[in-house]
Each structure stands twice: as C-alpha cells, then as structure tokens.
Amino acid sequence: MILDKIIELALQEDLSLGDITSDTIFTADDRARAVIRAKEDLVLCGMNTAREVFYAVDPEITFTPLKKDGDFVQKGETVLELTGRTLSILKAERTVLNFMQRMSGIATASRVFAEIGKKYGVLIVDTRKTQPGLRRLDKYAVRVGGCRNHRISLADSVMIKDNHIAAAGSITKAVEKIKNAIGHTPKIEVETTNEAEVKEALAAGADIIMLDNMTPTQIAACKALINGRAIIEVSGGVNAQNLESYCQAKPDVISMGALTHSVPAKDLSLKIVEYIR
C-alpha cells in the first residue's frame with residue numbers, strides 16, 4: 001500500500017500532463033524490447049519497485065528479471081529485460097531508474113559498511129535521515145546491503161534525545177516520566193554527550209546509551225564506565241572514511257545517517273535494443 005502511493009506520486013511528476021515527445025512519435029501499436037544495464041559495479045536493489053512502476057504504467061509489459069536484489073552486479077551486466085509498448089517503456093523509464101539508482105547506491109554502501117562492522121563484531125544501523133516519503137525504500141535498501149534498521153518511525157522505540165532532555169529538565173526527569181507512563185517493558189535509550197551524562201543515564205536506568213559525537217578515545221572511556229550495564233550505541237559524525245576507527249572502539253552498535261542521507265546513486269541505464277512493429 002505504501003509502495004503504491006510512492007509510485008503514484010512519482011509517476012504524477014512525469015506523466016500528469018502526458019509525454020509530449022513519446023506520444024507524438026509513437027502509437028499504442030508500437031512495441032519494443034528493452035534492457036536495463038549496470039554502468040558501474042554495484043549491489044543491486046529496487047527490482048520489485050521497478051516491476052511495480054512498469055506495471056502501474058502498463059500491466060501488459062513483460063518484465064523478466066535476470067538478477068535479484070542483493071546481487072553484486074558488474075559494470076555492463078544486464079539486470080532485467082522488458083517487452084511491451086514502446087510508449088509504456090519510455091514513460092516509466094526515468095521513474096524506474098530514479099528508484100533503482102538510489103536504492104542500489106544505498107545497498108552498495110551498506111554492503112561495504114556491514115563488512116567493516118562484521119570484522120569487529122559491531123552492528124551497523126541506519127537512522128531516520130532518509131529522503132522524505134521514501135523511508136521504507138531507503139531502509140529496505142539498507143537491509144539488502146547487509147546493515148540493519150534503527151527506528152522507522154517515532155513510535156518504534158523510546159529514544160530520549162538532547163531536546164527531550166532540555167525540555168524535561170534533565171536525563172533523570174525524562175527517564176522517570178517515561179517509566180511512569182509506559183512501564184518497564186520497552187527499552188529506554190538516552191543520548192549522551194559526555195561522561196557526566198553517561199553516569200546520569202546509568203543511574204536513571206537507561207537500557208541503551210547513545211554516545212553522540214564523541215571521539216573513539218572518548219568512546220573507549222565511556223565504555224569502561226558503562227562496563228556492560230547498558231547497550232552502547234555510537235552516533236554522530238561517522239562516515240565511510242572514519243567508520244573503521246569507530247568500530248575499533250568496540251561499541252555494540254553504530255548508527256550512521258551517512259547510510260541514507262548522502263550516498264551517491266549508482267548508474268544504471270535503460271536501452272531499447274529491438275523495435276517490434
């Protein structure tokens with residue numbers, strides 16, 4: 001249902017007023033065979049989304065996948081074939097590629113980050129820093145690449161962040177309000193920025209302590225302080241260049257906005273390879 005809405009909005013951007021070029025050149029009787037190929041090495045993602053876009057434009061298109069999500073695809077390889085109305089293929093082309101290129105970019109980065117984390121026994125997860133409206137697709141691509149999802153929505157778990165603390169008056173007060181309102185079952189995560197806040201979060205009974213924007217050296221000191229009494233999550237400023245140094249500090253989890261907010265898209269292209277009159 002969510003995917004249907006996303007696709008509907010995406011197609012409206014291109015097709016709400018028609019396709020002046022294709023509609024002028026071709027008729028509904030013109031047919032073609034097309035392929036989508038990788039123009040660089042990538043971890044493929046977005047095949048189901050691509051299929052649903054093509055079917056939304058024209059349910060009579062023949063969609064033949066040659067690869068599946070999660071496959072490593074080399075430059076020049078064909079990932080799918082299409083046969084159908086030329087008009088339909090051309091009208092869906094850009095929307096399909098936009099989805100696949102973004103999702104494959106995220107999946108490719110996720111594969112790299114997951115492998116780094118695996119070496120040190122650190123779980124790499126995403127954040128809510130996703131493209132507005134595309135969170136489900138972004139987070140699916142993260143999973144395809146091998147990393148894991150943090151919260152999808154604000155209802156998924158308790159995370160007391162800096163502004164909650166400032167508005168509540170302290171970490172202790174914020175945690176108390178949560179415990180009094182929702183009981184003992186949900187885990188409570190608290191964002192901290194220094195050792196004093198870590199000590200307060202521990203005393204308040206936090207289950208997960210986020211070490212926000214700390215250096216690997218500061219993380220090591222806080223880890224010794226926590227000493228297994230809470231799950232340690234590291235976040236803030238972690239990227240492809242410094243991920244390994246943060247993994248070496250051995251937190252339990254590293255959450256990375258860079259998994260979704262600034263990953264470059266991977267290059268795929270659609271080419272018509274046969275005209276069927």
Side-chain angles (χ1 to χ4, degrees), residues 1-109 130-142 144-145 260 263-277:
M1 191 67 174
I2 291 175
L3 180 58
D4 292 342
K5 291 180 180 179
I6 291 171
I7 290 172
E8 181 183 359
L9 289 171
L11 288 172
Q12 282 178 2
E13 290 178 330
D14 265 346
L15 298 176
S16 60
L17 298 177
D19 176 355
I20 188 171
T21 308
S22 299
D23 287 337
T24 303
I25 298 173
F26 303 105
T27 72
D29 294 328
D30 292 311
R31 297 175 64 81
R33 184 170 68 87
V35 298
I36 291 183
R37 297 190 181 107
K39 296 183 72 175
E40 59 182 312
D41 293 352
L42 54 85
V43 175
L44 183 64
C45 191
M47 291 289 279
N48 178 63
T49 305
R51 183 182 66 246
E52 294 305 313
V53 172
F54 280 118
Y55 287 169
V57 171
D58 184 350
E60 294 184 6
I61 285 177
T62 300
F63 181 97
T64 306
L66 304 178
K67 302 287 184 180
K68 64 182 185 301
D69 283 356
D71 284 349
F72 178 77
V73 177
Q74 293 183 311
K75 179 180 178 179
E77 286 193 270
T78 300
V79 302
L80 66 88
E81 293 182 352
L82 304 154
T83 304
R85 293 181 181 87
T86 306
L87 278 170
S88 302
I89 292 171
L90 293 175
K91 287 179 179 183
E93 174 184 1
R94 177 45 51 196
T95 300
V96 165
L97 291 176
N98 284 347
F99 281 129
M100 291 185 70
Q101 290 180 157
R102 176 174 176 82
M103 294 172 75
S104 294
I106 292 171
T108 302
T130 53
Q131 190 73 11
L134 298 182
R135 179 168 296 162
R136 296 280 179 171
L137 299 185
D138 285 0
K139 283 183 173 281
Y140 168 73
V142 166
V144 165
T260 52
V263 170
K266 288 296 179 180
D267 198 1
L268 296 112
S269 67
L270 185 151
K271 296 295 181 184
I272 289 181
V273 294
E274 182 181 0
Y275 298 93
I276 305 168
R277 300 293 184 184

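No hydrogens, no waters, no symmetry mates; every other heavy atom, side chains included, goes into these values. Because the structure is predicted, anything quoted here is derived from the model rather than measured.
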Enquirer: With heavy-atom distances below 4.5 Å as the criterion, would you say the side chains of Thr83 and Ile276 are in contact?
Expert: yes
Enquirer: Looking only at atom types and distance, does a side-chain atom of Gln101 sit under 3.5 Å from a main-chain N or O of Leu268, one as donor and one as acceptor?
Expert: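 The answer is yes, because a donor-acceptor pair under 3.5 Å joins these two groups.
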Enquirer: I'd like to know if the side chain of Asp138 and the backbone of Gln131 have a donor-acceptor N/O pair within less than 3.5 Å.
Expert: yes
Enquirer: Are Val263 and Thr108 packed together at the side-chain level, in the sense that at least one heavy-atom pair is separated by less than 4.5 angstrom?
Expert: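 The answer is no, as the side chains (C-beta and beyond) never meet within the 4.5 Å cut-off.
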Enquirer: Is there side-chain contact between Ile106 and Leu137, with heavy atoms separated by less than 4.5 Å?
Expert: no
Enquirer: Side chains of Asp58 and Ser88: any donor to acceptor distance under 3.5 Å?
Expert: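 The criterion, which ignores hydrogens and geometry beyond distance, is satisfied for Asp58 and Ser88.
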Enquirer: For Pro65 and Leu80, which heavy atoms make the closest approach, and how far apart are they?
Expert: CA-CB, 4.1 Å
Enquirer: Got a sec: does the CG of Leu9 have more than 12 other heavy atoms crowding it under 6.0 Å?
Expert: yes
Enquirer: Are Leu87 and Asp19 side-chain neighbours, meaning at least one heavy-atom pair lies under 4.5 Å?
Expert: no
Enquirer: Of the non-hydrogen atoms in Glu77 and Gln74, which two are nearest, and what is the gap between them?
Expert: OE1-N, 2.7 Å
Enquirer: Using a 3.5 Å cut-off and no angle test, enumerate the donor-acceptor pairs between side-chain atoms of residues 38-50 and protein atoms at least two apart in sequence or in another chain.
Expert:
unit_1	atom_1	unit_2	atom_2	d
Glu40	OE1	Lys266	NZ	3.4
Glu40	OE2	Asp267	N	2.7
Asp41	OD1	Lys75	N	2.8
Asn48	OD1	Arg51	NH2	2.2

Enquirer: Work out which heavy atom in Val57 is nearest to a heavy atom in Ala92; give both atom names and the distance.
Expert: CG2-CB, 3.8 Å
Enquirer: Indicate yes or no: at least one non-hydrogen side-chain atom of Arg37 is less than 4.5 angstrom from one of Val273.
Expert: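 They are in contact (side-chain heavy atoms under 4.5 Å apart), so the answer is yes.
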Enquirer: Shortest non-hydrogen contact from Ile61 to Tyr55?
Expert: O-CE2, 3.3 Å
Enquirer: Just say parallel, tilted or perpendicular for the rings of Phe54 and Phe63, cut-offs at 30° and 60°.
Expert: tilted
Enquirer: Does Val53 form a side chain to side chain contact (heavy atoms under 4.5 Å, CB included) with Leu11? I'd like the steps, not just the answer.
Expert: CA-CA 8 Å; Val53 172; Leu11 288 172; 4.0 Å; yes
Enquirer: Please walk me through it: do Met100 and Val79 pass side chain to side chain contact (heavy atoms under 4.5 Å, CB included)?
Expert: CA-CA 11 Å; Met100 291 185 70; Val79 302; 4.2 Å; yes
Enquirer: Applying side-chain hydrogen bond (donor to acceptor under 3.5 Å, both in side chains), name anything that partners Arg136, two or more places apart in sequence or on another chain.
Expert: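 Testing Arg136 for side-chain hydrogen bond (donor to acceptor under 3.5 Å, both in side chains), a comparison that skips the adjacent residues, returns none.
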Enquirer: As a quick check of understanding, evaluate side chain to side chain contact (heavy atoms under 4.5 Å, CB included) for Arg102 and Leu134, giving each step before the final call.
Expert: CA-CA 10 Å; Arg102 176 174 176 82; Leu134 298 182; 4.2 Å; yes
Enquirer: Please name all residues satisfying side chain to side chain contact (heavy atoms under 4.5 Å, CB included) with Ala10, sequence neighbours left out, ordered by chain then number.
Expert: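 So Ala10 forms a side chain to side chain contact (heavy atoms under 4.5 Å, CB included) with Thr95, Phe99.
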Enquirer: What do the steps show when you test Asp23 against Lys91 for side chain to side chain contact (heavy atoms under 4.5 Å, CB included), and what is the final call?
Expert: CA-CA 9 Å; Asp23 287 337; Lys91 287 179 179 183; 2.9 Å; yes
Enquirer: So, Asp30 side chain and Thr27 main chain: donor-acceptor pair closer than 3.5 Å or not?
Expert: yes
Enquirer: By the definition side chain to side chain contact (heavy atoms under 4.5 Å, CB included), identify the one residue from Thr64, Leu270, Thr62 that meets it with Leu82.
Expert: Leu270
Enquirer: Measure the CD-CD1 distance between Glu93 and Ile36 for me, rounded to the nearest 0.5 Å.
Expert: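 Separation between the atoms: 8.0 Å.
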